[in-house]
Amino acid sequence: MASAVELRARLDFWQKALEQLRTAYLKLLDGGVKSYRLEDRELTHFDLPKLQDEIEAAEKKVDELTALLEGQQPRRAWGVIPRDW
C-alpha cells in the first residue's frame with residue numbers, strides 16, 4: 001500500500017483531472033463552443049457520452065483515494081455465480 005504522502009499526491013492529481021473534465025463537459029453542454037481543447041484532445045458535442053464515462057471513472061477514483069486516506073479498506077470485488085441444479 002502506498003504511503004499517505006503518495007495517496008495525497010494521487011488524490012490531488014485526480015481532483016484536478018476531474019475538475020478539468022467537468023469544465024470541458026459543461027462548456028460543451030452549454031453549446032457556447034463547438035469544440036473544446038483539453039490538453040492534446042479536441043472534444044466536440046459528440047464526445048459527451050465518452051466524457052461522461054471519464055468523469056464517472058475519475059469520481060470513483062477520487063472516492064477510493066479519499067477512503068484510503070481516511071483509513072478505510074479498499075472494496076473487494078466478488079460475485080455470485082447462479083447455478084441451475
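The analysis underlying the following values was restricted to heavy atoms, covering all of them including side chains, and did not include hydrogens, waters or symmetry mates. For this chain, numbers begin at 1 and follow the sequence in order.
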L43 and A24 have their tightest heavy-atom pair at CD1-CB, 4.2 Å
*asked:* I need the minimum non-hydrogen distance between V33 and K27, along with the two atoms involved.
replied: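 Heavy-atom minimum between the residues: CG2-O, 3.6 Å.
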Problem - Partner residues of L29 under the side chain to side chain contact (heavy atoms under 4.5 Å, CB included) criterion, sequence neighbours left out - result: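 Listed in chain order: Y25, L48.
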- Check side chain to side chain contact (heavy atoms under 4.5 Å, CB included) between K16 and all other residues, then give those that pass, not counting sequence neighbours.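 By the side chain to side chain contact (heavy atoms under 4.5 Å, CB included) rule, K16 matches no residue at all.
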* **All salt bridge (Lys or Arg N to Asp or Glu O under 4.0 Å) counterparts of E39, not counting sequence neighbours** =>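 Here no residue qualifies.
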Those residues at least two apart in sequence (or on a different chain) that pass salt bridge (Lys or Arg N to Asp or Glu O under 4.0 Å) with R37 are E42
If you look only at distance, which donor and acceptor atoms sit under 3.5 Å apart when one is on a side chain in residues 50-59 and the other is two or more places apart or in another chain?
residue, atom, partner, partner atom, Å
E54, OE1, R41, NH1, 3.3
E54, OE1, R41, NH2, 3.1
E54, OE2, R41, NH1, 3.1
E59, OE2, R22, NH2, 2.9

Could you go through residues 5-12 and list every donor-acceptor pair under 3.5 Å that involves a side-chain atom there, pairing it with any protein atom two or more places apart or in another chain?
residue, atom, partner, partner atom, Å
E6, OE2, R10, NE, 3.1

Beyond-backbone contact of Y36 with T23, side-chain heavy atoms, under 4.5 angstrom
yes
Problem set entry | Within one Ile-Leu-Val-Met-Phe-Trp-Tyr cluster: L28 and L26, side-chain cutoff 4.5 Å | no
